[in-house]
Amino acid sequence: MAPYGFLPLTLSSSSSLPPPPLSSPRAPRPAHTEPQRRHVIAQCGISWNMPKISGTEVTLAESSGLVQGGNTAPLVQALESTAAQDVSCFHFPGHNRGKAAPNSLSKLIGPGMFLHDLPELPELDDLFYPNGVILDAQNRAAELFGAFKTWFLVNGSTCGIQAAVMATCAPGDYIIIPRNCHISVISALVLSGAVPKYIVPEYNSGWDIAGGVTPLQVDKALKDLEKDGKKIGAVLVTSPTYHGICTNVQGIVDVCHPLCIPVIVDEAHGAHFRFHDSFPRTAIEQGADLAVQSTHKVLSSLTQSSMLHMAGDLVNADKVTQCLQLLQSSSPSYLLLSSLDAARAQLSENTKSFDEPVAMALETKDQLTIIPGISVLDLSSFVSDFPAIDPLRVTLSASNLHLSGYEADDILAEEHQVVSELVGTQAVTFAVNLGTRWQDVQKLVQSAQHLSEKYFSANESRFRKHNCVRSPLDKISVKLTPREAFFTKKRSVFTEDSLGEICGELICPYPPGIPVLIPGEVVTQDSLSYLINLRDQGMTISGAADGELTSIMLPPLVLFRKGRLNLNRL
């Protein structure tokens, strides 16, 4: 009997045979029923219109003369051809195309990886100055993802975020960011010298999950900074969040672009949005100027490979390129680069890639919802009018069974071999992707059913929450910029003595990589209690010099002059 009405499922791989290759090198996306939105900002010299994918449109990639037609992966082909050459190699890397590969690793992953681990040979182009197969591959990616220009990233989405901030913000410029931003944004502030104007997102204490930010919040932050005479470099938002909650990027663009302020979107978890009609609109489709996507998350490139997409002309593309040259490795991995090209080609070859994952995710949510004691996160969990939640993110809570997120995750992993993507104090998140199989989601539902049967008691008060968590982000007080606090000398104090002091280090549970304390912020009781609770539940705390949090690094006792840090006294 299928559990709680779960439909009988065929235990087979989710990868069905692809349809015949299309004549166009990109995948058409089914038309939305909503009217196409046109965005034109005359004041800034922008005439910006990004339609949905169509099969007849001439793009930058096609006009470049590099695209050869068909759904080929030019960088993959060049790597294969170069590796097949019978040559005597006197270049790096030292394993010499696998001839001196470490035996233990070669046995584990095979010799092919080493054979194709090649440096920047002439026929493989140059990531910093592409004019061959890398340029071809990036142009094809820009075409498919709906961007004017795309850069391949081998240092993850982190370097894309850093480059986007550095390209738009000079030292001293203000940037509006959500307080639940990823740690990469804080590192970008340290590198660029930009000053943060934080927006605190809506927070659901029952789920211990923060949502997105709203256009109204961004508008207020802009007006506050303008009233104070501050120069604003950019606005950065996270959409979707790790839990799949999307922000109204179009509304924020409509607020920012009349002021000629660029919008950067950390879209690390939304690289797949353009490839199914049930997905939310991409940041670029909504008018964002820069969007950073982790192509390795839901899509199929190798870990650490990402893309940075640009549209419009508010941001100088040459400046972005210069920043990436500072941030990316001068010896980029062609395995990572070619995996980006291959992931793009994979999507081009099969326009229905996400039909089955979407069906699996929706069916799974439906079945989890009817299990006693199990709750599933949806937009009704928030008061704000967030436009969408990623259908492929399944976030459940067993707090009605009096289980924390960590306890539920441990049981699912140890007793049922169901491994989650993200665990928090109250919830566990599962990411459905192209490799998810029907038997995987059925096993998840059956495991949740077992949780319910073991821990649910009808005799107890039904649906009594396990514990509501107090937000660590409510009472933010910033005394130094992240850059100032980062570069000061530090002193170590016992954690209990740090209350009211300025934090000198970035203290961040990982995952999800959202900082609880940022250099320059005042240490509060809420932030400390939250961190200690996470530590006691076995969560990894990154960034802190003392991972056990018995001590915290603070700036020295310094003098302030006119409300600013006197750096001459450090």
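Predicted model only: the values in this text are computed from it and were never measured.
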Between Ile507 and Glu505, is a side-chain contact (heavy atoms from CB on, under 4.5 Å) present by the stated rule, with each step listed? CA-CA 6 Å; Ile507 306 179; Glu505 55 186 353; 3.9 Å; yes
Take Tyr242 and His269 through the test ring-ring contact (aromatic ring centres under 6.0 Å, His included) and record every step on the way to the result. CA-CA 6 Å; Tyr242 210 144; His269 290 272; 4.3 Å; yes
Let's go through Thr495 and Leu528 carefully: what are the C-alpha distance in whole Å and the side-chain angles of both, what is the deciding distance for side-chain contact (heavy atoms from CB on, under 4.5 Å) to 0.1 Å, and is it a yes or a no? CA-CA 8 Å; Thr495 299; Leu528 281 185; 3.7 Å; yes
Determine, stepwise, if the pair Tyr334 / Leu75 fulfils side-chain contact (heavy atoms from CB on, under 4.5 Å). CA-CA 9 Å; Tyr334 273 85; Leu75 189 49; 4.1 Å; yes
Using the rule given for side chain to side chain donor-acceptor pair (under 3.5 Å), can you reason through Ser187 versus Gln162, listing the C-alpha separation, both sets of side-chain angles and the distance that settles it, and then say yes or no? CA-CA 7 Å; Ser187 67; Gln162 292 168 342; 2.8 Å; yes
Set out, in order, the CA-CA distance, both residues' side-chain angles and the distance that settles side-chain contact (heavy atoms from CB on, under 4.5 Å) for Asp341 and Val133, then state yes or no. CA-CA 10 Å; Asp341 192 27; Val133 288; over 6 Å; no
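For Ser333 (side chain) and Leu336 (main-chain N/O), a donor-acceptor pair under 3.5 Å exists by modelled atom type. When atom types are taken as modelled, the side chain of Gln217 and the backbone of Val200 share a donor-acceptor pair closer than 3.5 angstrom. Under a 3.5 Å cut-off, the side chain of Lys490 and the backbone N or O of Thr488 do form a donor-acceptor pair. Asn155 places a side-chain N or O within donor-acceptor distance of the main-chain N or O of Leu327, the cut-off being under 3.5 Å. Side chain of Asp289 to main chain of Pro262: no donor-acceptor pair is present (N/O by atom type, distance under 3.5 Å, no hydrogens or angles). Not a single donor-acceptor pair under 3.5 Å links the side chain of Lys319 to the backbone N or O of Ala163. Between the side chain of Glu484 and the backbone N or O of Gly520 there is no donor-acceptor pair closer than 3.5 Å. Checking side-chain atoms of Glu202 against main-chain N and O of Ser384 turns up a donor-acceptor pair under 3.5 Å. A distance-only check finds a donor-acceptor pair linking the side chain of Asp546 to the backbone of Ser551 [under 3.5 Å]. Looking only at distances, no side-chain donor or acceptor of Asn96 sits under 3.5 Å from a matching main-chain atom of Ala100.
With no hydrogens or angles considered, no side-chain donor-acceptor pair links Glu143 and Asn139 at under 3.5 Å. Asn533 and Gln537 form a side-chain donor-acceptor contact under 3.5 Å, judged by distance and modelled atom types alone. Between the side chains of Ser306 and Ser157, at least one donor N or O sits under 3.5 Å from an acceptor N or O. No side-chain donor from either of His296 and Ser301 sits under 3.5 Å from a side-chain acceptor of the other. Side-chain contact of His272 with Asn433: a donor-acceptor pair under 3.5 Å is absent, judged by distance alone. In this model, no donor atom of one side chain and acceptor atom of the other lie less than 3.5 Å apart for Asn180 and Tyr203. A donor and an acceptor atom, one from each side chain of Ser381 and Asn204, are nowhere located under 3.5 Å apart. There is a side-chain donor-acceptor pair under 3.5 Å between Ser527 and Thr524. Side chains of Thr241 and His243: no donor on one and acceptor on the other come within 3.5 Å. Looking at Asp117 and His95, their side chains do bring a donor and an acceptor atom within 3.5 Å of each other.
Taking 4.5 Å as the limit, every side-chain heavy atom of Val185 sits out of range of all side-chain heavy atoms of Ile175. Using a 4.5 Å heavy-atom cutoff, the side chains of Leu127 and Gln328 are in contact. A 4.5 Å side-chain heavy-atom check between Leu392 and Phe279 finds at least one atom pair inside the cut-off. Within the 4.5 Å cutoff, side-chain heavy atoms of Ile209 are placed close to those of Phe382. Pro215 places none of its side-chain heavy atoms less than 4.5 Å from the side chain of Asp254. In this structure the side chain of Ile177 reaches within 4.5 angstrom of the side chain of Tyr198, judged on heavy atoms. Side-chain contact check for Leu396 versus Phe430: some heavy-atom pair is nearer than 4.5 Å. Residues Thr238 and His182 form no side-chain contact, since every pair of their non-hydrogen atoms from C-beta on lies 4.5 Å or further apart.
Environment of CZ in Phe486: sparse, with no more than 12 heavy atoms of neighbouring residues, nucleotides or ligands closer than 6.0 Å. Under a cut-off of 6.0 angstrom, the local environment of CG in Asp385 is sparse, with at most 12 non-hydrogen atoms contributed by other residues, nucleotides or ligands. Counting non-hydrogen atoms of other residues, nucleotides and ligands closer than 6.0 Å to CZ of Phe92 gives a total of 12 or fewer. For Glu496, the CD atom sits in a packed shell: over 12 heavy atoms of surrounding residues, nucleotides or ligands are nearer than 6.0 Å. Around the CG atom of Leu326, the shell of radius 6.0 Å holds more than 12 heavy atoms that belong to other residues, nucleotides or ligands.
Smallest separation of non-hydrogen atoms from Phe273 and Thr282: CB-CG2, 3.7 Å. Shortest non-hydrogen contact noted between Leu222 and Cys256 is CD1-SG, 4.1 Å. Taking every heavy atom of both residues into account, Ala221 and Ile176 meet most closely at CB-CD1, 3.7 Å. Here the closest heavy-atom approach between residue Val237 and residue Val213 is recorded as CG1-CG2, 3.8 Å. The heavy-atom pair separating Thr247 from Gly212 by the smallest distance is OG1-CA, 3.5 Å. Shown here for Val493 and Ser498, the closest heavy-atom pair between the two residues is CG2-CB, 4.0 Å.
Atom CG of residue Asp208 and atom CG of residue Leu534 lie 7.5 Å apart, to the nearest 0.5 angstrom. The distance from the CD1 atom of Ile161 to the CG atom of Leu236 is 5.5 Å, given to the nearest 0.5 Å. Taking CE from Met310 and CG from Asn316, the interatomic distance works out to 8.0 Å, rounded to the nearest 0.5 Å. Rounding to the nearest 0.5 Å places CG of Leu554 at 8.0 Å from OG of Ser492. Between atom CD of residue Gln325 and atom CZ of residue Phe128 there is a gap of 6.0 Å, rounded to the nearest 0.5 Å. Note that the CG atom of Asp136 and the CG atom of Asn131 stand 11.5 Å from one another [nearest 0.5 Å].
Ile389 meets the side-chain contact (heavy atoms from CB on, under 4.5 Å) test with Ile245, Leu377, Leu379; sequence neighbours excluded.
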